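First the proteins, then the strands, lettered A, B, ... as listed; each starts at 1. Remember, predicted model here, so these are calculated numbers, not experimental data.
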Amino acid sequence: MGRGENAGVADQLEQIAQLLLIMDENTFKIRAYQRGAEAVRQSLQPISSMSRADLLQVRGIGKGIADAIISIVETGTCNELESLMEKIPPQLPELLEIDGIGPKTVQKLWRHLNITSIQELEAAARSHRIRTIRGLGDKKEEEILRAIAVHKNRSGRMLLSEAEAIGEEIISVLPPGRYSFAGSLRRGRSTIGDIDIVTTNPAVSVNPRLREIASEMIDEGMKKTSIFFKGKRIDIRFADPAEYGATLLYLTGSKEFNIRLRERAISRGLRLNEYGLLDQRTKELIKCPDEEMVFRRLGLSFVPPELREDRGEVARAESDTLPFLVELKNIRGDLHAHSTGSDGTMTISEMAGLGDQLSYEYILCSDHSASLGVARGLSPEGLKRQDHEIEIVNRDHTCQILKGIEVDILSDGRLGLPDAVLSDLDCVIASIHSVLHQDTDSITRRMITAMENEHVDIIGHPTGRLIGRREPSSIDMPRILAAARDTETALELNASPYRLDLDDIYLKNAIELGVTIAIGTDAHRPLEYAHMRYGVLTARRGWCRADDILNTKSINELMDFCR
DNA sequence: GCCGTTTTCGGCCCGACTGTTTTCAGTCG
C-alpha cells in the first residue's frame, strides 16, 4: 500500500502524543510517541507488512508503541487512544494550532469556559471572557484574537524557492553585515515553515529596521527577534562572532538533531547550547566561532546541514563514515529540458548556447511526445526534424544537445511512441502525465511495464506530486525501486521547486538499493536551468554521492548507461 | 515510552521572550 497507510498510522500516534500533551503527561512519553510516529512515517516498508519483531528493530519503536501499531493496523485504533478520547473532546487538540496556546492554556480554557474549538475560543475572546481566568489577562486575549486571524489566512508552508526569495529580500533591506540562513531553509527541505536567519549585527542596529518592514512584531529582544513579513514568520538571531558557529548550529537544527548532539555533549562532560560548549567540571564556556569546531570538540566529523535530521548521521559522523555528498560542481549536464519542439520557449540553438554558458557537457532535449493532450507534443516526423537540427547545432557548441524525448506512459503502461522511434534516440525519459488516480497496483504495474521497455532509460517525476497542489500518486515505491534496480532504469529527481520528485526519503532508499538517480530541471524557460541547485540540495538530503547521480558522468559513460 | 562500550533502572536538551507576577509559568524554536 506504500506510504499512505503508514501516514495514517503515524497520524494516530501523533494524535496520542497531542492528547497526552493536553493531559499534562510525562514529556518524555509524549516525545516517545512523536518519535514513534516519525519512524512510522519514514518507513519505506509498509508498516502493516512488518512483524512485531521487525517493528522492534526500528529505532524509536519499543514494546508499547509496537503493540499500539499492531492494534491500529488490525482494528483501526488502540487502547491508549481510545481511553484518551474518552477523557478529552477529540477536537480539543486543534486549539494547539493557535500560536501562543499550549497545553496548559488549553486545559484552563476547557475546564473554566468549556471551550473545545477555535470558534468557541474566538467568541470567548471577543466577549472578554478569557481575562476572567486566573493567570490569563487582557493582553493574552488580544494575542489570541491576533493569532486566530493569522491561523485563518495561514498560507501554509512555502516552497524552498519562495523561502529563499523572501529571505534574500529581508537581508537586502537590513544593515550590511554577515547573515546566514538557518533552519529548514539551510537544510534544504522542499517546503519551509518559517525563515531563520543568523547575523553578527547587533540587535540595536537590526531591530529598528525590522520594525519598519514587519506587518507584526511577534517578539523583540536583544538575542532574537521574530516578525511577520508577507504573511510569513521570520526569526532572526543575533550572534557574537566568537560564538557564531554554535548559534548557527543551534538555529539550523533540526530539533531532533540538536537533541542528539546535546545528549552526546553530556556524555562527554559538556553541555551544548547556542553559545558554545560548557565544560561541566570547570564551568568554562568554550566558544565556537564556526560549526566545525563544535563537531570537532564532540569527536564528530562535520555533518552537512542537509543531513541533520537524526536519520543516523550522528553515528556515521562518529565513525567518520559520512558519505561524500554530490555537489553542484559535479553536475556535467541537465537531463530534462523542453524546447520549442513542444511547450518550451527555447530553440535547440539557444539551449546549446545556454549549456555552453553553464559549462555543461550536455543537455538532454526531452520534449513531450504527441500523445500528450495537455502540451503540444512532437510527432515521429517532428522528432526526426529535431534530431537533424540537433546534429547541425552541436557542431558549433561545446555543450552537446542529446536527442531525447519525454515519452508519455499510457494508462496501460505502453508508451506514446513506437519502439522504432525510441531506438534512434540517445536517451528516453518516460513519464506519467494522465490518469494519475489509478489504484496502487495498476499504476505500479503501469510504471514497471514502462521500465521493462529496453529503450526507457529514465522514469520522469516518479510520484507526480506538485508540492502543495497535487498529492503523489499511490505507486508502491518498494516495488518501483526494485524494478528500477532490476531493469537498470534511472529514476529522475525532478529539480523543479514545484516538484522535487523523488524526495529525500525515497532517494535514500533508492541509492541504498543501487538505483541510479538522474537530476533534471524540466526547464521550459532559460531561468529554470538554475533549478539544478534545488535538485542537488534534495539529492544531498537523500544521502546521494556523485557516483549515485547519472549526470555527474561523462557523455561517454552516460551513453553507455543509455545503451 | 524508549534505551544502554558506565546503566534493564533512571535517566531523557537548552535557553529566549512575554505576561501576569510578587519570583515564575507558559510557550516556542
Side-chain angles (χ1 to χ4, degrees), chain A residues 13 16-17 20-22 24-39 55-69 78 80 95-109 130-131 133-144 146-147 182-184 193-198 203 207 217-227 233-239 243 246-247 249-278 280 285 298-299 310 315 318-319:
Chain A
L13 294 176
I16 293 174
L20 290 172
L21 192 64
I22 293 174
D24 201 20
E25 257 281 3
N26 179 319
T27 56
F28 304 109
K29 181 171 171 179
I30 295 165
R31 201 164 83 198
Y33 272 100
Q34 285 166 341
R35 280 181 169 168
E38 194 54 29
L55 289 170
L56 289 172
Q57 292 297 308
V58 180
R59 203 169 58 134
I61 297 179
K63 287 177 183 158
I65 291 181
D67 288 339
I69 290 170
C78 64
E80 183 81 35
L95 294 180
L96 295 170
E97 292 169 20
I98 304 298
D99 227 29
I101 293 195
K104 298 291 192 298
T105 312
V106 170
Q107 276 245 2
K108 282 182 187 163
L109 293 168
I130 305 290
R131 63 183 68 176
I133 301 174
R134 188 177 165 73
L136 303 179
D138 53 347
K139 290 241 176 89
K140 193 74 186 177
E141 208 166 71
E142 285 165 25
E143 187 197 334
I144 285 172
R146 273 202 312 276
S184 52
D194 52 31
I195 294 170
D196 297 299
I197 298 172
V198 183
N207 279 343
M217 300 299 284
I218 300 169
D219 297 320
E220 181 176 351
M222 286 297 112
K223 309 260 185 182
K224 64 174 188 173
T225 291
S226 301
I227 66 170
R233 186 190 170 110
I234 320 287
D235 293 323
I236 300 200
R237 185 88 198 195
F238 310 105
E243 300 165 349
T247 306
L249 182 77
Y250 150 74
L251 206 65
T252 298
S254 66
K255 188 177 173 188
E256 291 298 311
F257 175 79
N258 283 350
I259 291 173
R260 290 286 168 218
L261 284 198
R262 287 170 178 185
E263 284 171 352
R264 183 171 174 86
I266 289 171
S267 73
R268 296 168 79 89
L270 300 165
R271 282 175 65 184
L272 174 61
N273 60 28
E274 55 264 56
Y275 306 110
L277 289 157
L278 196 66
Q280 288 286 63
L285 178 70
L298 292 175
D310 191 26
E318 179 173 15
S319 55

NA contact type, A:R260, heavy-atom cut-off 4.0 Å: base, sugar-phosphate, or nothing?
-> nothing
Span that lies between the C1' atom of B:dT5 and that of B:dG1, in whole angstrom = 24 Å
Nearest-Å distance for atom pair CG/P, residues A:L21 and B:dC28 | 10 Å
Is there a side-chain contact between A:F238 and A:T225 (heavy atoms, below 4.5 Å)?
-> yes
Student check: side-chain heavy atoms of A:L95 and A:I22 closer than 4.5 Å | no
Set of residues satisfying side chain to side chain donor-acceptor pair (under 3.5 Å) with respect to A:S254, sequence neighbours excluded = none
When rounded to the nearest Å, what value does the distance between C1' atoms of B:dG19 and B:dT23 take?
-> 14 Å
Using the C1' atoms only, state how far B:dG29 lies from B:dC13, rounded to an integer number of Å.
-> 12 Å
Residues at least two apart in sequence or cross-chain that pass side chain to side chain donor-acceptor pair (under 3.5 Å) with A:E220, listed by chain then number, are A:R211
In whole Å, what separates the P atom of B:dT20 from that of B:dT27?
-> 13 Å
Think A:R31 has a side-chain N or O under 4.0 angstrom from the OP1 or OP2 of B:dC13?
-> yes
Side-chain (A:D219) to main-chain (A:S226) donor-acceptor, under 3.5 angstrom | no
Return the set of residues passing salt bridge (charged side-chain N to carboxylate O under 4.0 Å, His left out) with A:R264 (not counting sequence neighbours), or none when no residue passes.
-> A:E318
Is there a residue in residues 250-259 of chain A whose heavy atoms reach under 4.0 Å of DNA chain B, and which residues are they?
-> A:Y250, A:K255, A:I259
Run the side-chain contact (heavy atoms from CB on, under 4.5 Å) check on A:I144 and A:E141 step by step: do they pass?
-> CA-CA 5 Å; A:I144 285 172; A:E141 208 166 71; 5.8 Å; no
Presence of salt bridge, A:E143 and A:K140, under 4.0 angstrom | yes
Identify which one of A:I266, A:N258, A:L277 satisfies the side chain to side chain contact (heavy atoms under 4.5 Å, CB included) criterion when paired with A:L272.
-> A:L277
A:D310 CG to B:dC12 P, straight-line distance once rounded to whole Å | 17 Å
Of A:D196 and A:L270, the one whose nearest nucleotide on DNA chain B sits closer to the 5' end is A:L270
What's the closest nucleotide to the A:R233 side chain, out of B:dC28, B:dC12, B:dA16?
-> B:dC28
Interatomic distance where CD1 belongs to A:I144 and C1' belongs to B:dG19 [whole Å] = 12 Å
What distance, rounded to whole Å, do you find between the two P atoms, one in B:dG4 and one in B:dT8?
-> 13 Å
Could you give the CD-to-P distance, from A:E143 to B:dT20, as a whole number of Å?
-> 9 Å
Using the P atom as the reference point in each nucleotide, state the distance between B:dG15 and B:dG10 in Å, no decimals.
-> 26 Å
For A:Q34, side chain to side chain donor-acceptor pair (under 3.5 Å) partners two or more places apart | none
Round to a whole Å and report the spacing from CD of A:Q34 to C1' of B:dG29.
-> 14 Å
To the nearest angstrom, how far is A:E274 atom CD from B:dC17 atom C1'?
-> 12 Å
Whom does B:dC12 pair with, Watson-Crick or G-U wobble, provided both distances fall under 3.5 Å?
-> B:dG1
Considering residues at least two apart in sequence or located in another chain, which fulfil the side-chain contact (heavy atoms from CB on, under 4.5 Å) criterion with A:L285?
-> A:E243, A:N273, A:Y275, A:L278, A:K287
pair A:N207-A:I236: side-chain heavy atoms closer than 4.5 Å | no
Could you list all the salt bridge (Lys or Arg N to Asp or Glu O under 4.0 Å) pairs where at least one residue sits in residues 56-66 of chain A, not counting sequence neighbours?
-> A:R59-A:D310
Any side-chain heavy atom of A:E256 within less than 4.5 Å of one from A:I259?
-> yes
On DNA chain B, nearest-nucleotide positions of A:K224 versus A:D138: which is more 5'?
-> A:K224
Non-neighbouring partners of A:T252 that pass side chain to side chain donor-acceptor pair (under 3.5 Å), sequence neighbours left out = A:R186
Atom CD of A:E141 and atom C1' of B:dT20 are separated, to the nearest Å, by 14 Å
Interface polar pairs with nucleotides 7-11 of chain B, N/O, under 3.5 angstrom:
none

Under 4.0 angstrom, heavy atoms only, what part of the nucleic acid is A:D67 near: base, sugar-phosphate, or nothing?
-> nothing
Same-atom distance (C1') from B:dC14 to B:dC9, integer angstrom | 25 Å
Check residues 24-31 of chain A and write down every donor-acceptor pair under 3.5 Å in which the side-chain atom is one partner and the other belongs to a residue at least two apart or another chain.
residue : atom : partner : partner atom : Å
A:D24   : OD1  : A:K104  : NZ           : 3.1
A:N26   : OD1  : A:F28   : N            : 2.6
A:N26   : OD1  : A:K29   : N            : 3.2

Picking from B:dG29, B:dC12, B:dC17, which would you name as closest to the side chain of A:D219?
-> B:dC17
Atom C1', compared across B:dA16 and B:dG11: separation rounded to whole Å | 26 Å
List the protein contact pattern of nucleotides 1-6 of chain B with one symbol per nucleotide (5' to 3'): B for base contact, S for sugar-phosphate-only contact, - for none; contact means a heavy-atom distance under 4.0 Å.
-> BSS---
Looking for any heavy atom pair under 4.0 Å, which part of the strands does A:I218 touch: base, sugar-phosphate only, or nothing?
-> nothing
When you check every protein heavy atom under 4.0 Å of nucleotides 21-27 of chain B, what one-letter string (B, S, -) results, 5' to 3'?
-> S----SS
Testing B:dC13, B:dC14, B:dG19 for proximity to the side chain of A:R271, the answer is B:dC14
Taking atom P of B:dG15 as reference, at what distance in whole Å does atom CZ of A:R262 sit?
-> 7 Å
